[in-house]
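Worksheet for the structure shown next.
Indexing begins at 1, ligand by ligand and atom by atom, following the structure's order. Keep in mind that the numbers below use all heavy atoms, side chains included, and drop hydrogens, waters and symmetry copies.
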Amino acid sequence: MAGAGVSSPGASKTPLRSPSSALPLLGAERWEGRALSGSSPCPPTGQWLLASSAWREGPHSLHLLVTTGALGLVLGHPFDTVKVRLQTQNTYRGIVDCMVKTYRHESLLGFFKGMSFPIASIAVVNSVLFGVYSNTLLVLTATSHQERRAQPPSYTHVFIAGCTGGFLQAYCLAPFDLIKVRLQNQTEPRAQPGSPPPQYRGPVHCAASIFQEEGPRGLFRGAWALTLRDTPTLGIYFATYEWLCRQSTPDGQNPSSATVLVAGGFAGITSWVTATPLDVIKSRMQMAGLKQREYQGMLDCMVSSARQEGLGVFFRGLTINSARAFPVNAVTFLSYEYLLHSWG
Ligand SMILES: C[N+](C)(C)CCCC[C@H](N)C(=O)O
């Protein structure tokens, strides 16, 4: 889950304080402080990712990344399943129809299909996203997090850092996202005696089957669409969060919980609204490996989807995704800030 990794927006409004009293300090930022207090203004290349700094920071940073990400994922997964089904299957008349059919045929468990791999991979994906984001900001602004409080980074820098993080995390996310989408689209009820078994018995079986049937590259099906979806929209995500927090936080103060909730929620919505057209294409490309529909490439997928279903196809799942995005990203940012505070 994205969401937890901005160098705290509140930090930019906070006067210099001792690290122990400062509200939001991400592992990487502590590390940045150390790096900058030494001779080098830039992070050593071998320490580029927060992945490594989070591990070195000890269990706190790691728990932080895992807990916030997993919480958001579990909360939002039922919405995500409905979204994926609406985007890739033409059998539903709308959100309510999809929910009712899913519940009737598959029970509540149907909404949670495909959740295990995203949870298992959240630490890696978030480490890459936030590590790259945080360190790109460090390189761009050449200021430590403490200096950044007095001199907040420009939105252009925040945007570029977010895009860089989004670009690099996309390739880590791609196989996990593919397996999630394939499992979410299995509409067979679980363990019904007599009914045909689903094609994939679980995430590992799904990964192994894709590898065997579609080759190693099959695991990266839809990866380009995912990269194109995430690169600009994660820039928008961080910039929106930063902007909203700065707007509603008086100088010298940390953002209130309400500000964090609202800013996180709207950052999620804004980013998902802009991501939806490519999200639809990405999900369709990922499902294309099953040969129900084949596409020559991303452009072909866009053109044939639009021809057959009209331009509205690019907005499939927008409503449910926005409904999901607000609480998920509000909670993600709030728990992130809260956990940093209590462990600070
Ligand atoms: C960039 N994109 C719009 C795809 C996602 C941005 C929000 C990410 C968040 N973890 C969530 O799952 O809602």
### Query
Considering the options L140, T136, N135, which one meets the side chain to side chain contact (heavy atoms under 4.5 Å, CB included) requirement together with L138?
N135

### Query
Going by atom types only, do N329 and Y237 share a side-chain donor-acceptor pair under 3.5 Å?
yes

### D279 and its salt bridge (charged side-chain N to carboxylate O under 4.0 Å, His left out) partner, picked from R324, R316, K83
K83

### Query
Which atoms of ligand 1 have any heavy atom of R324 under 4.0 Å away?
11 (C), 12 (O), 13 (O)

### Distance filter under 4.0 Å to A275 heavy atoms, resulting ligand 1 atoms
3 (C)

### Message
Classify the ring geometry of H205 against Y200: parallel below 30°, tilted from 30° to 60°, perpendicular beyond 60°.
### Response
perpendicular

### Query
Which of parallel (below 30°), tilted (30 to 60°) and perpendicular (above 60°) describes F266 and F326?
perpendicular

### Task
Check whether any N or O atom of R229, backbone or side chain, sits under 3.5 Å from an N or O atom of ligand 1, and answer yes or no.
no

### Query
Applying a 4.0 Å heavy-atom criterion (strictly less than), which segment of S271 is in contact with ligand 1: side chain, backbone, both, or neither?
both

### Message
Minimum distance, heavy atoms only, to atom 9 (C) of ligand 1: which one of I269, N329, N321 is it?
### Response
N329

